[in-house]
Amino acid sequence: MASLQFEDGSPNRHAFHDTGMAAENLVIQASALGLVAHQMAGFRIDQARTDCQIPNDYEPVAMIAIGYPGDPALLSDRLRAREVQPRARKPVNEFVYSTTWG
Ligand SMILES: Cc1cc2nc3c(=O)[nH]c(=O)nc-3n(C[C@H](O)[C@H](O)[C@H](O)COP(=O)(O)O)c2cc1C
């Protein structure tokens, strides 16, 4: 949840950055505790606002499901294939630049 304004009403340009930092810390801590955390941007923002009674000056950025890992054998074929596939990460040189963009 990003708070888009400071208490004095001025805009908080870093709201999304701060929210991402907090989410990352949550995911790292969950992992350290043996939990799994799955971040999701694909949720109904209006419904989240209504169901969770989120004030208008907060922006729902992402949902994070947290739980203990289950047995992949219980998943459908499609989800099991996704769950057990080797994790692939983008090479760092695709998004870390020195001096100028690209
Ligand atoms: C901000 C954000 C939004 C995401 N939204 C979705 C989503 O809506 N649905 C989904 O299945 N995965 C979503 N993902 C991806 C998963 O949370 C996860 O990062 C990805 O499946 C890789 O999982 P792994 O770290 O176990 O390899 C999102 C990730 C981030 C960081």
Side-chain angles (χ1 to χ4, degrees):
M1 207 75 57
S3 173
L4 303 181
Q5 293 183 338
F6 291 110
E7 284 178 6
D8 67 3
S10 61
N12 179 4
R13 285 192 60 246
H14 308 287
F16 292 105
H17 177 87
D18 295 345
T19 304
M21 297 278 284
E24 183 65 23
N25 286 341
L26 184 153
V27 168
I28 290 169
Q29 183 66 39
S31 181
L33 295 171
L35 294 155
V36 287
H38 189 83
Q39 302 182 73
M40 295 165 285
F43 65 96
R44 293 185 186 145
I45 294 171
D46 288 345
Q47 194 171 341
R49 276 197 184 285
T50 306
D51 290 353
C52 303
Q53 299 174 25
I54 299 166
N56 285 336
D57 50 342
Y58 283 80
E59 187 64 28
V61 179
M63 290 276 175
I64 307 177
I66 302 173
Y68 290 100
D71 181 357
L74 301 175
L75 295 171
S76 67
D77 290 347
R78 185 181 68 84
L79 290 178
R80 185 170 49 257
R82 185 175 157 179
E83 178 63 20
V84 301
Q85 74 183 352
R87 266 50 179 172
R89 301 299 183 211
K90 223 180 221 190
V92 170
N93 64 7
E94 281 189 21
F95 57 90
V96 175
Y97 308 134
S98 168
T99 317
T100 54
W101 185 269

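Positions are given from 1, in the same order as the sequence printed here. Start at 1 and go down the list; that is how both ligands and their atoms are numbered.
- The parts of Gln39 lying near ligand 1 are both backbone and side chain, judged by heavy-atom distances below 4.0 Å.
- Smallest separation of non-hydrogen atoms from Ile54 and Met1: CG2-SD, 3.6 Å.
- Of the heavy atoms in Arg82, only side-chain atoms (C-beta onward) come closer than 4.0 Å to ligand 1.
- Asn56 has its side chain within reach of Arg49: a pair of non-hydrogen atoms, C-beta onward, lies under 4.5 Å apart.
- Within the 3.5 Å criterion, the main-chain N or O of Ala15 finds a donor-acceptor partner in the side chain of Thr19.
- Atom 1 (C) of ligand 1 is never approached by the protein to below 4.0 angstrom, counting heavy atoms only.
- Side-chain contact between Tyr68 and Leu35 is present, with heavy atoms from C-beta onward closer than 4.5 Å.
- The protein heavy-atom contact nearest to atom 26 (O) of ligand 1 is Arg87 NH2, 3.0 Å.
- For the pair Glu24 and ligand 1, no heavy-atom separation below 4.0 Å is found.
- The protein atom (non-hydrogen) at minimum distance from atom 3 (C) of ligand 1 is Ala41 N, 3.3 Å.
- Of all the heavy atoms of Arg89, the ones lying under 4.0 Å from any atom of ligand 1 belong exclusively to the side chain.
- Atom 20 (C) of ligand 1 has His38 CE1, 4.4 Å as its closest protein atom, hydrogens excluded (heavy atom only).
- When side chains are defined from C-beta on, Asp18 does not count as touching Phe16, because their heavy atoms never get closer than 4.5 Å.
- Shown here, atom 23 (O) of ligand 1 is out of close reach of the protein: none of its heavy atoms lies under 4.0 Å off.
- Summary of contacts: the protein heavy atom closest to atom 8 (O) of ligand 1 is Gly42 N, 2.8 Å.
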